[in-house]
Amino acid sequence: MYKSIYNKREIEPKDIESKFDIDELFFSSTNLKGTILSGNDVFVRVSKFNKDELIGKPHNIIRHPDMPRAVFKALWQTIKNRKPFIGYVKNIAKDGSYYWVLACVYPMFDEEGNIKKYLSIRLKPTSDIFKIIPEFYKDVLRYEHREGMDAALNYMLEKIKELGFENYEEFSKKAFLEEMKSREEKLKNKDMLLCGMASNVLSKENEELADTLCILQTNFLRLNRYFNEIYSKVNIFLEMNKNLNEKSKFIFQLAEEIRLLSLNASIESYKIKKEGVSFSTLSQEMRKNAEYSEREILNLTKLINQTNKDIEDTSFNILSCKLQIDMVVYFLKEMLEKLVNEKISIQEEKEIINNIKDLFELLNSYAKKLSNNIYDSKSRLRNIFYNIKDLNVLINRLDFIHINGLIESAHAGNEGGSFTIIFSQMLKLVEAAKNQIVDLETNITAANEENLSIDILTDLIETKLLKLEKKYENIFA
């Protein structure tokens with residue numbers, strides 16, 4: 001059953017898992033067509049292919065027949081569109097065993113801004129969200145066998161919506177967050193440092209390279225402390241996003257309710273005689289205020305939505321930076337261990353240096369993206385704060401109109417009854433609006449404080465990365 005287009009190598013799948021531990025990470029780089037250019041030793045060991053069987057081969061050499069091709073279509077659509085792709089993948093090893101990964105595939109760009117290659121970092125999935133994936137993929141694969149890949153992709157996206165996600169990107173970001181949290185929890189108190197443990201057993205040929213790697217590892221471990229501090233704030237940013245979404249929905253609804261109340265007041269003012277002049281004036285004030293409020297609210301909603309996007313990007317880039325710095329540290333540890341056990345050829349040394357360069361370049365680019373996110377959201381948060389103050393003025397005006405309205409309603413006696421109801425509704429609206437605005441101000445203040453703390457850290461990181469790049473320009477240039 002497996003000897004089909006889904007398994008061109010005709011490796012017989014086995015229900016045996018290839019060993020891949022939670023503390024391990026692996027990566028591979030490919031050209032624009034998906035041909036493997038390089039990878040680390042964990043990739044070789046877990047896949048059970050020899051390195052020369054992997055380099056120069058299409059990445060689908062490790063594709064498991066249980067994988068829907070629709071997933072890979074989504075992957076290529078995403079990365080060709082210059083965006084990173086996050087997804088669960090079941091791979092097949094040379095002996096038919098399998099291993100699951102969460103693959104994080106990042107496009108890398110040349111100086112002209114064109115995609116030059118892709119770098120994929122993989123971690124072992126252990127979160128609760130992963131538990132649904134094997135059966136989910138089986139369902140999509142059955143559909144794909146019947147209806148074809150394009151139909152299966154649409155089917156997969158519909159199923160993701162049924163799981164409560166708006167689209168694949170939202171699902172993948174959630175999966176990324178949960179897998180990183182799960183990994184961090186399971187790796188608590190695990191020491192990643194190797195420097196100083198093996199210097200006395202290194203061969204002379206490897207000493208210079210080992211010294212360089214050890215110094216780099218120390219620098220990246222120091223950097224990792226800053227990234228860990230930023231990473232600890234991911235949940236705070238996600239909670240901010242949720243709160244801002246809720247406030248955005250409320251204030252958008254507020255504009256509609258103010259408009260309807262002003263319309264009702266105008267209609268009622270025509271129904272009564274003498275007192276209608278006063279009520280007409282009040283209803284005109286309400287309508288004018290409603291128009292101002294609507295403009296302010298629409299602008300505020302737009303700013304909040306833009307800020308939400310900034311916060312989403314910030315959260316994703318925090319996760320990416322954390323994974324990338326972990327990958328750098330792990331790779332350096334892996335190479336230092338290798339130097340203890342075997343002599344490295346000149347060609348292998350060049351490959352190690354090129355891999356470090358690629359990983360550093362990726363980390364550097366995402367650190368800059370994170371810094372830009374913070375800068376953009378800082379500006380928008382400031383604009384939201386000013387808009388809230390303007391909205392407060394309009395709400396206070398409504399409060400004043402509501403008080404005058406109740407006074408006029410009392411003077412009008414029975415004829416003012418309907419206005420009493422309208423202005424009582426306005427009172428409830430004003431009180432709710434004031435409470436929500438106070439909450440929104442609190443959220444914006446908290447968001448601004450977190451932004452400032454991350455701004456300081458990203459500045460430190462950028463400075464240290466720049467110093468590292470200059471100091472080791474023979475590696476990173």
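The residues K138 and E135 are annotated as salt-bridged, a charged nitrogen and a carboxylate oxygen being separated by less than 4.0 angstrom. Between E166 and K161, no side-chain nitrogen of the basic residue sits less than 4.0 Å from a carboxylate oxygen of the acidic one, so the salt-bridge criterion is not met. Looking at K14 and D95, no side-chain N of the basic residue comes within less than 4.0 Å of a carboxylate O on the acidic one, giving no salt bridge. The existence of a salt bridge linking K233 and E450 is confirmed by a sub-4.0 Å separation between a basic side-chain nitrogen and an acidic carboxylate oxygen. At a threshold of 4.0 Å, the pair D23-K186 does not count as salt-bridged, since none of the basic side-chain nitrogens sits closer than that to a carboxylate oxygen. A salt bridge links D358 with K117: the closest approach of a Lys/Arg side-chain nitrogen to an acidic carboxylate oxygen falls below 4.0 angstrom. Electrostatic pairing of R183 and E178 does not count as a salt bridge here, judged by no charged N lying under 4.0 Å from a carboxylate O. Ion pair D21/K19 flagged as a salt bridge, since at least one NZ, NE, NH1 or NH2 atom sits closer than 4.0 Å to an Asp/Glu carboxylate oxygen. The pair K333-E337 meets the salt-bridge criterion, since a charged nitrogen lies less than 4.0 angstrom from a carboxylate oxygen. Checked for salt-bridge contact, K159 and E162 meet the test: a charged N lies under 4.0 Å from a carboxylate O.
Closest of all the heavy-atom pairs between I62 and S47 is CG2-CB, 4.1 Å. When all heavy atoms of I92 and H64 are compared, the closest pair comes out as CB-CD2, 3.6 Å. Taking every heavy atom of both residues into account, L141 and P68 meet most closely at CD1-CA, 3.9 Å. The minimum heavy-atom distance between K174 and I129, with the atom names listed, is CG-CD1, 3.9 Å. The two atoms that bring P65 and P13 nearest to each other are CG-CG, 3.6 Å, heavy atoms only. C321 and L370 make their closest contact through SG-CD2, 4.5 Å (heavy atoms, listed as atom of the first residue, atom of the second, distance).
T307 places a side-chain N or O within 3.5 Å of a backbone atom of L303 that can act as its donor or acceptor partner. When atom types are taken as modelled, the side chain of D110 and the backbone of G113 share a donor-acceptor pair closer than 3.5 angstrom. A side-chain donor-acceptor contact under 3.5 Å links E334 to the backbone of V42. Checked by atom type and distance alone, the side chain of E229 never pairs as donor or acceptor with a backbone atom of L457 at under 3.5 Å. Checked by atom type and distance alone, the side chain of E462 never pairs as donor or acceptor with a backbone atom of D459 at under 3.5 Å. Remark: the backbone N or O of D376 is not paired with any side-chain donor or acceptor of S379 at under 3.5 angstrom. Side-chain atoms of N167 come within 3.5 Å of backbone atoms of E170 as a donor-acceptor pair (strictly under, hydrogens ignored).
Atom OH of Y375 has 12 or fewer neighbouring heavy atoms from other residues, nucleotides or ligands inside a 6.0 Å radius. For K116, the NZ atom counts as densely surrounded, since its 6.0 Å shell holds more than 12 non-hydrogen atoms of other residues, nucleotides or ligands. Annotation: K464, atom NZ; neighbour count of heavy atoms from other residues, nucleotides and ligands within 6.0 Å does not exceed 12. In the displayed structure, N474 atom CG is contacted under 6.0 Å by more than 12 heavy atoms of other residues, nucleotides or ligands. More than 12 heavy atoms of other residues, nucleotides or ligands lie within 6.0 Å of NZ in K57, so this atom counts as buried by the packing criterion.
In this structure the side chain of I121 reaches within 4.5 angstrom of the side chain of L362, judged on heavy atoms. For the pair Y226/I325, no side-chain contact is recorded, criterion being any heavy-atom separation below 4.5 Å from C-beta on. In this structure, the side chains of N91 and R63 stay at 4.5 Å or more apart for every pair of heavy atoms. A heavy-atom distance below 4.5 Å is found between the side chains of I353 and L209. Between R122 and C104 the shortest side-chain heavy-atom distance does not fall below 4.5 Å. Within the 4.5 Å cutoff, the side chain of D326 has no heavy atoms near those of the L123 side chain. In this structure the side chain of L213 reaches within 4.5 angstrom of the side chain of I356, judged on heavy atoms. Looking at M156 and E144, their side chains never come closer than 4.5 Å, going by heavy atoms from C-beta outward.
Residue L363 holds its CG atom at 6.0 Å from CD of Q324, rounded to the nearest 0.5 Å. Note that OG of S38 is 14.0 Å distant from NZ of K350, once rounded to the nearest 0.5 Å.
Paired with F85 under the rule ring pair (Phe, Tyr, Trp, His ring centres under 6.0 Å), one option of F72, Y168, F176, W76 passes, and it is Y168. None of Y143, F136, Y137 except one satisfies the ring pair (Phe, Tyr, Trp, His ring centres under 6.0 Å) rule with Y155; the exception is Y143.
Checked against a 6.0 Å centroid threshold, the rings of W100 and F130 count as neighbours. Within the 6.0 Å centre-distance limit, the rings of Y366 and Y106 are counted as a close aromatic pair. Residues F27 and F331 place their aromatic rings such that the two centres sit under 6.0 Å apart. Aromatic pair F20/F26: centroids less than 6.0 angstrom apart.
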- Query: Given F385 and L381, is the side chain to side chain contact (heavy atoms under 4.5 Å, CB included) satisfied, shown in steps?
  - Reply: CA-CA 6 Å; F385 199 80; L381 286 168; over 6 Å; no
- Task: Carefully, step by step, assess D310 and R380 under the rule salt bridge (charged side-chain N to carboxylate O under 4.0 Å, His left out).
- Result: CA-CA 9 Å; D310 287 338; R380 288 202 177 102; 2.6 Å; yes
- Message: One pair to check against side chain to side chain contact (heavy atoms under 4.5 Å, CB included): K173 and L177. What are the steps and the verdict?
- Response: CA-CA 6 Å; K173 285 179 178 177; L177 173 68; over 6 Å; no
- Test I230 against I461 for side chain to side chain contact (heavy atoms under 4.5 Å, CB included), laying out the working first. CA-CA 11 Å; I230 292 174; I461 287 168; 3.7 Å; yes
- Message: The test is side chain to side chain donor-acceptor pair (under 3.5 Å); show your working for S315 and E312 and say whether it passes.
- Response: CA-CA 5 Å; S315 302; E312 280 180 15; over 6 Å; no
- Task: Check step by step if side chain to side chain contact (heavy atoms under 4.5 Å, CB included) holds for D455 and K378.
- Result: CA-CA 9 Å; D455 195 24; K378 190 164 55 177; 2.7 Å; yes
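Judged by a 6.0 Å distance limit and a 45° cone about the ring axis, K322 is not positioned over the six-membered ring of F227.
Classified by interplanar angle (parallel below 30°, tilted 30° to 60°, perpendicular above 60°), the ring pair H59/F43 is parallel.
In this model, a donor atom of one side chain and an acceptor atom of the other lie less than 3.5 Å apart for N317 and N373. Between the side chains of Y88 and E179, at least one donor N or O sits under 3.5 Å from an acceptor N or O. Between the side chains of T30 and T35, no donor N or O sits under 3.5 Å from an acceptor N or O. S97 and E17 are not linked by any side-chain donor-acceptor pair at a separation below 3.5 angstrom, with hydrogens and angles left out of the test. With 3.5 Å as the limit, one finds no donor-acceptor pair spanning the side chains of E169 and S172. A donor-acceptor contact closer than 3.5 angstrom is absent between the side chains of Y118 and N31. Side chain to side chain, S18 and R45 fail the donor-acceptor criterion of an N or O pair below 3.5 Å.
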